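Since the model is a prediction, treat every value here as computed from it, not as a measurement.
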Amino acid sequence: MPTDLLAGLNPKQREAVETVDGPVLIVAGPGSGKTRVITHRIAYLVRVCGVTPYRIAAVTFTNKAAREMNLRLAPLLGQAVRDLTAGTFHSFCAMVLRRDGDSVGLDRNFAIYDDPDQIDLLKRSMTEVNVDPKHFHPRAVQSAISGAKSQLLGVEGFKDRRDSYFDEVVFRVYERYEALMTRVGTVDFDDLLMKTYLLFENFPDVADKYRNRYVHFMIDEFQDTNVAQYAIARQLSRESRNLCVVGDPDQSIYSWRNADIRNILSFQTDYPEAKVIALEENYRSTQTILNAARSVIAANTQRVEKDLWTKNGPGVPITVFEGYDEKEEAQFVIKEIANLTKDANGSVDGLYALGDIAVMYRVNAQSRALEDECLRYGVPYQVVGGLKFYLRQEVKDLTAYLRLAANPHDDVSLNRVINRPTRGIGQRTLDELMRLARDAGTSMYTAIEGLATSGDGAGIESVALAPRAIRALTDFKSLIDGLASESERLSLIELMELAVERTGYRRHLLEDDERGEERIENIQEYVNSAGDFADLEGRDALNAFLEKVSLVSDVDELEEKAELVTLITLHQAKGLEYPVVFMVGMEEKLLPHSRSMEDPSEMEEERRLCYVGLTRAKERIYLLRAFRRGLWGRSEPTLPSRFLNDIPKDLIISPVRGNSRSAASPAVRLGPARTRFANGERAPTPPVDSNSLRTGDKVRHASFGEGIVMSSSRSGADTELTVAFKEGHGVKRLLRSFAPLEKVD
């Protein structure tokens with residue numbers, strides 16, 4: 001027996017590799033070496049058990065994971081790796097349908113529609129069955145159809161399950177969508193799964209061919225499978241029973257993608273003879289990090305119990321930091337990164353590169369404050385899985401409206417939003433408008449003015465526009481004129497809120513059932529960023545803000561640098577690891593998200609999401625929250641995430657606010673016991689005694705600069721200070737316990 005295959009494996013890993021007959025459930029904790037186990041198990045089947053690679057299939061969920069699997073198998077199997085079927089679940093099904101899809105009416109050269117293709121066809125389907133996309137957003141319909149297919153519900157099956165008017169609408173669109181797909185011989189991603197299942201279910205000879213070929217079927221990330229994927233796996237392993245699944249219910253965080261945690265939880269019921277092996281030794285994190293993660297996840301009921309442990313040692317404590325607002329939260333992150341990446345002459349106990357560090361958050365909108373501070377302090381960064389904040393569609397759309405309010409002759413901005421939201425200005429109208437402007441040598445706005453002056457366009461030579469189109473254009477002009485007029489008297493935040501409402505853009509976003517809430521959150525964060533310009537008035541504030549946004553949008557070359565701090569959502573971070581992880585926004589209604597508050601199963605998924613974030617860290621983990629967080633330009637108090645209370649206090653240190661050395665330095669200074677408000681909120685320890693600040697004292701604020709205390713009065717258990725700041729920041733009323741004030745001699 002080739003001993004090299006088992007060398008270096010721990011006892012549980014070795015057991016998983018050597019257990020090759022019958023159903024096997026490998027419960028693989030984070031950082032437990034599951035990819036090593038999968039690849040060595042395949043090599044063991046080939047080199048020790050004599051199974052030809054042609055008869056083995058291994059599927060996973062991302063192309064990245066599939067590439068990693070094949071790269072690791074190549075040195076273990078040599079040229080034999082070419083005969084192995086190893087890839088994503090969808091690529092496996094596509095292969096089956098290419099070969100035998102004619103049985104279910106598919107030409108072997110079928111095309112696979114991607115997301116934009118699906119939306120285009122859905123819009124056409126909706127038009128043909130008289131469903132108004134303004135009332136039923138195509139994304140919402142697409143999500144419903146995708147959910148049905150993942151549950152193996154075809155058109156007729158969905159018809160029998162209708163129980164609402166929305167379902168009736170979806171059924172009509174679904175029926176037409178499928179007819180059009182069949183007519184042009186295409187499939188979408190969900191079809192790859194459902195049609196493969198139907199092929200195996202309705203054509204036993206085809207199913208038998210694949211059962212005889214694949215005597216061993218392995219699934220990675222089993223907790224992320226949906227009903228259709230598990231059903232296909234059961235079909236293929238019905239005779240051999242050699243189904244090996246690897247996963248961790250504690251890392252099931254994709255229910256919104258139709259993943260069904262019940263698959264892994266019910267595996268032992270479906271296969272009573274299954275061997276269950278738990279991989280509990282962690283090779284990634286310190287014991288302190290693992291203990292914290294275990295304490296957070298322990299409250300869940302939908303899980304398989306396991307005890308993560310490591311030989312890596314206890315490591316450093318977990319840092320929990322409470323900032324006054326999201327800006328101070330982000331500033332702490334940037335200052336701590338500076339400490340962690342100092343050179344050998346610095347005071348840091350251990351050195352890291354920028355690429356070793358990730359900042360994770362629950363929703364994309366949270367990246368805005370972090371990006372602002374990265375840009376301010378010149379920290380190179382990358383935003384994973386999406387555009388930078390100021391380049392996101394909804395942010396750029398609102399920016400375009402603001403630019404038009406400042407300068408209606410901005411053709412680029414006008415062209416972007418003239419029909420967003422839709423207002424009856426189609427491409428033909430837009431083409432004619434651009435022709436008029438081009439022929440007259442004017443801006444598009446001036447061309448609209450000409451149409452408005454002529455009434456029906458009769459006074460303009462060769463206008464090929466219907467009266468209705470001209471009315472739509474002049475209505476848009478009136479909208480922009482109104483915003484321009486209001487920009488003279490409203491504050492910047494008020495103008496932004498007005499633009500979102502008056503243009504119908506908020507309603508437009510809310511119609512997007514799949515991403516609408518996330519895009520609204522991005523708009524809310526964008527409005528909140530205007531708070532930095534609160535001391536400017538009217539057009540001065542608007543122009544200063546637009547200048548800032550333009551400069552931020554142009555900073556793209558940072559992504560090309562090798563050393564980048566990673567900004568990433570917790571969902572996107574699954575499967576990754578970093579020596580240092582910052583998790584920001586540890587607050588109720590953010591993590592856990594507000595949507596989960598009334599649903600125990602969703603709350604459990606939020607807890608799993610926190611667990612995933614914690615277990616991405618190898619050496620250091622920072623948990624941060626803001627006492628107040630901006631929403632639509634208004635700062636509101638928050639409550640600490642319940643997950644913070646789950647972590648044993650002996651695993652935590654809390655640096656004093658304003659202490660730049662903080663937890664990265666071995667000389668970190670811990671604050672005394674903190675007071676609690678009536679709502680249970682812990683107050684951060686002030687940098688100086690609150691009684692030391694009196695009327696007339698000079699102070700310095702981290703954001704507002706220097707000022708003078710105008711008055712001081714008790715406010716419950718706290719002290720309220722009225723401070724007049726210099727440099728245009730005006731007079732502020734601050735609670736002493738939370739205001740980052742430093743007395744100046």
Side-chain angles (χ1 to χ4, degrees), residues 364-365 368 371-372 386-427 429-431 433-434 437-438 442-449 472-488 490-512 515-516 518-530 532-533 538-556 632-633:
N364 279 311
R368 194 274 305 172
E371 291 186 60
D372 280 354
L387 293 170
K388 291 190 175 183
F389 184 86
Y390 294 103
L391 297 181
R392 290 168 184 154
Q393 177 180 311
E394 55 273 17
V395 174
K396 286 185 68 66
D397 286 348
L398 181 52
T399 300
Y401 279 117
L402 295 176
R403 284 175 172 164
L404 288 172
N407 174 22
H409 301 286
D410 181 344
D411 279 356
V412 172
S413 295
L414 187 144
N415 192 50
R416 180 180 183 90
V417 296
I418 192 170
N419 201 42
R420 186 178 295 167
T422 55
R423 46 178 61 93
I425 303 174
Q427 191 60 47
T429 299
L430 197 54
D431 290 343
L433 177 63
M434 288 189 285
R438 184 178 61 250
T442 64
S443 69
M444 295 168 69
Y445 177 84
T446 300
I448 298 175
E449 281 185 317
L473 290 171
T474 54
D475 287 344
F476 178 74
K477 174 186 175 298
S478 297
L479 172 66
I480 298 304
D481 289 347
L483 292 177
S485 175
E486 296 290 359
S487 70
E488 298 283 1
L490 295 179
S491 71
L492 179 56
I493 287 175
E494 290 171 335
L495 178 65
M496 295 174 79
E497 291 176 336
L498 179 68
V500 171
E501 296 298 334
R502 185 174 288 183
T503 62
Y505 199 75
R506 177 181 174 82
R507 184 175 64 254
H508 166 68
L509 294 183
L510 289 174
E511 290 172 353
D512 183 348
R515 291 191 59 241
E518 175 185 333
R519 296 176 71 190
I520 285 289
E521 289 171 340
N522 288 338
I523 289 292
Q524 291 172 341
E525 186 67 13
Y526 189 40
V527 173
N528 186 58
S529 71
D532 293 341
F533 299 84
R539 284 293 181 87
D540 290 340
L542 177 59
N543 291 331
F545 179 72
L546 291 175
E547 181 181 80
K548 171 199 171 186
V549 171
S550 296
L551 291 174
V552 171
S553 298
D554 290 336
V555 185
D556 295 326
W632 284 103

Those residues that, when tested against Ser443, pass side-chain hydrogen bond (donor to acceptor under 3.5 Å, both in side chains) (two or more places apart): His409, Thr446

For Arg539, all residues meeting side chain to side chain contact (heavy atoms under 4.5 Å, CB included), sequence neighbours excluded: Ala484, Ser487, Glu488, Leu542, Asn543

Compare every heavy atom of Ile448 with every heavy atom of Leu433, then report the nearest pair and how far apart it is. CD1-CG1, 3.7 Å

Would you say the side-chain atoms of Asn419 pair up with the backbone N or O of Ile425, donor to acceptor, closer than 3.5 Å? yes

Value rounded to 0.5 Å, distance of CE in Met434 from OG1 in Thr429: 10.5 Å

Do any N or O atoms from the side chain of Thr399 and from the backbone of Val395 form a donor-acceptor pair under 3.5 angstrom? yes

Working to the nearest 0.5 angstrom, can you tell me the gap between Met444 CE and Ser413 OG? 11.0 Å

Working note: Arg392 + Arg519, criterion side chain to side chain contact (heavy atoms under 4.5 Å, CB included); need CA distance, chi angles, decisive distance, verdict. CA-CA 9 Å; Arg392 290 168 184 154; Arg519 296 176 71 190; over 6 Å; no

Between Asp431 and Gln427, a side-chain donor and acceptor under 3.5 Å: yes

Can you check side chain to side chain contact (heavy atoms under 4.5 Å, CB included) on Val417 and Thr503, steps first, answer last? CA-CA 10 Å; Val417 296; Thr503 62; over 6 Å; no

Looking at CD of Glu518 and CG of Leu509, how far apart are the two atoms once the value is rounded to the nearest 0.5 Å? 11.0 Å

Please evaluate residues Gln393 and Arg416 with respect to the criterion side chain to side chain contact (heavy atoms under 4.5 Å, CB included), reporting the C-alpha separation (whole Å), side-chain torsions for both, the decisive distance (0.1 Å), and the verdict. CA-CA 10 Å; Gln393 177 180 311; Arg416 180 180 183 90; 3.8 Å; yes

Of all heavy-atom pairs linking Ala472 and Gly424, the shortest is CB-O, 4.1 Å

As an exercise, state the distance from CG of Asn522 to CD of Glu394, rounded to the nearest 0.5 Å. 4.5 Å

I need the Leu483 CG to Arg502 CZ distance, nearest 0.5 Å. 6.0 Å

So, do Leu495 and Leu402 sit near enough that their side-chain heavy atoms are less than 4.5 Å apart? yes

Hey, does the side chain of Ser485 reach the backbone of Gly482 with a donor-acceptor pair shorter than 3.5 angstrom? no

Under a 4.5 Å cut-off applied to non-hydrogen side-chain atoms, are Leu473 and Lys477 in contact? no

Arg420/Asp397 salt bridge by N-O under 4.0 Å criterion: yes

Given the rule in the side chain to side chain contact (heavy atoms under 4.5 Å, CB included) test, do Phe476 and Leu414 qualify, once you have shown the distances and angles that lead to the verdict? CA-CA 10 Å; Phe476 178 74; Leu414 187 144; 3.9 Å; yes

Ignoring hydrogens, what is the shortest heavy-atom contact between Val527 and Glu497? Give both atom names and the distance. CG1-CG, 4.3 Å

In the structure I gave you, are the side-chain heavy atoms of Gln524 and Arg368 within less than 4.5 Å of one another anywhere? no

Parallel, tilted or perpendicular: which one describes the rings of Phe533 and Phe545, with boundaries at 30° and 60°? perpendicular

So, for Ala365 and Glu525, which heavy atoms are closest and what is the spacing to 0.1 Å? O-CG, 3.1 Å

What's the separation between atom CD in Glu521 and atom CG in Asn528, rounded to the nearest 0.5 Å? 13.0 Å

Check ring pair (Phe, Tyr, Trp, His ring centres under 6.0 Å) between Tyr505 and all other residues, then give those that pass, not counting sequence neighbours. His508

